[in-house]
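One structure below.
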Amino acid sequence: MKSYEPHVIEEKWQKIWEDNGAFQVEEDTDKEKYYLLEMFPYPSGKIHMGHVRNYSIGDVVARYKRMRGLNVLHPMGWDAFGMPAENAAIERGIPPAQWTYDNIAYMRTQLKRLGFGYDWRREVATCDVNYYRWEQLIFLKMYEKNLVYRKSSPVNYCIKCQTVLANEQVESGACWRCGEAVIQKELTQWFFAITKFADELYEYCDKLPGWPEKVLSMQKNWIGKSYGVEVNFSIEDGTSLTIFTTRPDTLWGVTFMVLAPEHPQSLELAKGTPQEGEVKAFVEKVAKQDRTFRGEMNTAKEGVFTGRYAINPVNGVKVPVYLGNFVLMEYGTGAIMAVPAHDQRDFEFAKEYGLPIIVTIVPEGQRIDPAAMKEAYVDEGVLVDSAHFDGMKNREAILKIIDYLEEKGLGKRTTNFRLKDWGISRQRYWGNPIPIIYCADCGTVPVPYEDLPVVLPTNLEIKVVGKSPLAEFREFYEVNCPQCGKIARRETDTMDTFVESSWYFLKYTCPDYDDAPLDRKRVDYWMPVDQYIGGIEHAVLHLLYSRFFNRVLNELGFVGVREPFQNLLTQGMVIKDGAKMSKSKGNVVDPDYLIEKYGADTARLFCLFASPPEKDLDWNDKGVEGSFRFLQRVWRLVTAERAEVLEGVEPLFIYDGSDDDLKQLAHMIHKTIKKVTDDIDRFHLNTAIASIMELVNTIYKYLEKDKIDVHSLGLLKGAIETVIILLFPFVPHIAAELWTLSGKGDNRPEGLWPQYDEAYVKEERVMIAVQINGKLRDTCEVERDTEETQLKEIIFNLEKITKHIEGKAIKKMIIIPNKLVNIVCA
RNA sequence: GCCUGGGUGGCGGAAUAGGUAGACGCAAGGGACUUAAAAUCCCUCGGUCCUCGCGGCUGUGCGGGUUCAAGUCCCGCCCUAGGCACCA
């Protein structure tokens, strides 16, 4: 008997696959394509267990689909721009490019040692000029279409990382990367006009049935679409004020108005009133306040009267206009109508400044006394004191009142979004240079297409923390203006690295294409990605950006599809000792160590078996041992148990004789094939493995019977072969080796996923549960599809049943064929 | 506060269309083999009660309900993870 030596066979098969180009694919219109993608890693130095899990799941699906005859694209690459490379340069003096490429080289060998089947010819590293040059071209095309623009605005800034962060990259006031508190800074930045697609990105959430509900709800939350109406209030000085509200049903309850202090009309309004000075002081005070502080909900509501009054257009009531720190300029029109009776914020403000409260919505048949209110009434109800809308349910009233306002020309329906444009400028070195030149005479000038790419220089030193060396590297920034030829300055900010990850999946389809960013023909063959697999942490970052960027590329004609990812699987985190694996927690399990100790197959198997993909995986060293034990058990099944006897035996997969043991084994073969097939299709990889384990257990039990006739041995061999084939996507090395050892030679299982026969999936004899009044009392084994009368006869002869129903009247019997009988007694 | 998930043995987890709750694995306990150990194999393993059985009761976060039958469906709660949040 040969012993199971994972390293020997793993190296052997990895070499064979590499030599054969086993995972290389070409576009082939005769074949059905399947594009399987896992989120590419940042080359931080070593892969971690999260990667092992992610890529193990992906590899199962890729190999399985290939075995089912699909033309599978399964690529891998590197999200290679980013700050750690710069930090390494500063801390250890290694050039970012070298650090990055060294890491890539090592991590590539790690992925190969795990036996993942990628088409490495299609590998993409985003820091490669042949990748980022096309991104610069796309940037310029976007510039022409006004999809990217430059503006000065307050932006999120991380002092530690010394760079700007997009809204999506701030997690509860802290930097997503380092956790440092984020401050606001006024800077001139480049923005991608993602808000132009806000409505579509929101609405398409309902057209992505292959995405987890959770991710879609997070994206919807983030985009924050709200329907409402803009209403014009006239001011006594002759001007007018436009507000946005989602609650026009409360219009008759307006008792004052509030503007954001930054509102352009703020100072204007107060001019010439006794309040002018006070207003000015307030505006200045708020301007100095930290924005994150102001954004906090428990920040006290503060405001000031402008000295002016507005006229409520629906009832002509005169209401005072205030400025308030709780009103945001960035949302809606920066001004609100305040209805203290029905909005908690307005209520608090009204209480603070002694403003009146008018109730216009009440629970049906009840009254609310404004003076007795402790908080705003925000529930549903019917309208009161609202002219001819009285008595209407407020939900319906919203739509009716919007119609009314539009009819009378008092307002117009509007949709507002929480989503802001994507700021992409980063004051960092290791990123894609923004292809723009600033000329004192000509202004902002795009780099001409023929001058692309703007190559990121590597012959400079990075030593100062917090300053991009590009801004001080004359060779880079000093250029002649492409328009007038005078000395000009190149943009020294680089793009957010999320830009690169927004289209890498497209480049995989045609990495060698040199004439344009993408080869439309090949993109069209492969896109969309049929299955995308990655961590939930990118639910609103990468996944939203990619949906946006793919739309841009669609409008530029580079891509045919609108949505890039048809199906999404978000896998859970890898947990150990109750916390996410991290260096600081000291609970990291090193993949290299695992491979060293047990081999890649065991590492893969445990990751897949311990929990379903979308759930968190609780790491358990003993569980890893268990996975290793199982593989050894399978190994022995082929190499030790009956190995000589089975040599040369023709495998059988069906049996129509009368031996119950053989019938049972034939049934198990087909049942397992069906179960594993169905389970992989719905990503229940843990139960797929469990059912293969059951088949193995059944085979061991069968061996104890010691049957040696031709049928028995043939079926035994068939069962063993089935185990090997079914295991192939999960643990490819041992499966390939055992397949060869069981006499299959070069005929590898890669091309053949087994078929099951429904006739054998069904058992001839079935176990019937017998209940009395819904309680299980006994079971009995009968022929499948036993006649009702015959079944009743059997059941009423069961001792336990007769005992229980003795002397009771049987009211009725529920019979579920081949499953259960429930006798209902008085 | 709002929006999503999720609560099942000592543990990870199963139960695809309302039909035998706990598959598979881990841990634990007992046994076989062995001079011994490892490895391997076999048995037990939700709780509880007794008359120890082919037994009874109970049990899927809690309280109700629908149904012949509920982990699964409905109503009301509790806990927990994540997202959003002075967004009008």
Side-chain angles (χ1 to χ4, degrees), chain A residues 171-172 212-226 228 243-247 250 258 294-301 324-328 330-339 342-346 348-349 378 416-419 536-537 539-540 572 575 606 609-612 614-627 629-630 632-633 636 640 675 678-679 681-682 684 686-694 696-697 700 704 767-779 798-800 803 811-816 819-825:
Chain A
E171 291 166 352
S172 50
E213 197 53 49
K214 186 176 183 180
V215 175
L216 294 175
S217 115
M218 281 166 77
Q219 294 216 349
K220 280 185 163 184
N221 248 332
W222 188 262
I223 298 167
K225 180 174 183 174
S226 45
I243 59 96
F244 172 75
T245 182
T246 57
R247 295 293 306 276
T250 62
V258 191
R294 198 178 138 194
E296 267 169 39
M297 226 166 55
N298 43 15
T299 301
K301 286 179 182 49
N325 63 347
F326 68 101
V327 177
L328 307 171
E330 306 88 74
Y331 188 80
T333 62
I336 62 156
M337 63 180 211
V339 186
H342 305 297
D343 183 287
Q344 186 57 26
R345 296 155 300 184
D346 300 348
E348 285 167 29
F349 193 87
V378 294
N416 259 306
F417 297 93
R418 208 191 71 99
L419 183 73
I536 186 81
E537 65 272 19
V540 278
I575 304 285
F606 177 72
F609 178 64
S611 73
E614 65 281 359
K615 270 196 162 186
D616 285 350
L617 185 153
D618 211 339
W619 194 265
N620 177 352
D621 292 329
K622 285 287 183 3
V624 181
E625 298 268 0
S627 294
R629 264 205 299 274
F630 170 70
Q632 284 182 305
R633 197 166 146 82
R636 280 199 308 276
K675 173 82 176 152
D678 292 351
D679 279 356
D681 281 335
R682 56 190 188 127
H684 289 210
N686 55 330
T687 53
I689 294 166
S691 69
I692 301 174
M693 287 174 170
E694 280 186 82
V696 170
N697 292 345
Y700 268 99
E704 282 170 29
M767 199 59 96
I768 304 283
V770 186
Q771 300 180 330
I772 293 168
N773 290 336
K775 271 185 189 164
L776 183 73
R777 293 301 177 186
D778 203 359
T779 56
L798 293 169
E799 205 185 306
K800 287 185 214 166
K803 201 174 80 191
K811 283 208 281 194
K812 64 174 164 176
M813 279 179 77
I814 280 104
I815 298 170
I816 309 296
K819 254 211 171 125
L820 173 144
V821 175
N822 189 9
I823 305 164
V824 186
C825 309

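Lettering follows sequence order; numbering is per chain, from 1.
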Nucleotide of B/C3, B/U16, B/G13 approaching A/S611 most closely (side-chain heavy atoms): B/G13

Closest to side chain of A/K775, choosing from B/U58, B/G25, B/A88: B/U58

Criterion side-chain contact (heavy atoms from CB on, under 4.5 Å) against A/M813, the qualifying member of A/V824, A/N822, A/I823: A/I823

Both distances below 3.5 Å, Watson-Crick or wobble geometry, any strand: find the nucleotide opposite [N].
N     : answer
B/G76 : B/C62
B/C41 : B/G31
B/G82 : B/C3

Distance test, side-chain N/O of [X] to OP1/OP2 of [N], below 4.0 Å:
X      : N     : result
A/N686 : B/A23 : no
A/S691 : B/A23 : no
A/R777 : B/U20 : no
A/K622 : B/A27 : no
A/R629 : B/C24 : no
A/H342 : B/A88 : no

Rounded to whole angstrom, note down the [atom1] distance from [N] over to [M].
N     : M     : atom1 : result
B/U72 : B/G53 : C1'   : 33 Å
B/U44 : B/G5  : C1'   : 37 Å
B/C62 : B/C79 : P     : 15 Å
B/G71 : B/U8  : P     : 15 Å
B/U66 : B/C74 : C1'   : 7 Å
B/A21 : B/A28 : C1'   : 22 Å
B/C43 : B/C49 : P     : 28 Å
B/G59 : B/A69 : P     : 15 Å

Just checking [X]: base, sugar-phosphate only, or nothing, at a heavy-atom cut-off of under 4.0 Å?
X      : answer
A/Q771 : base
A/N822 : base
A/M337 : nothing

A/K301 NZ/CZ over A/F326 ring centroid, <6.0 Å and within 45° of normal: yes

Gap between atoms CZ and P, on A/F606 and B/G25 respectively (whole Å): 14 Å

Heavy-atom donor-acceptor pair, A/K301 side-chain to B/C86 base, under 3.5 Å: yes

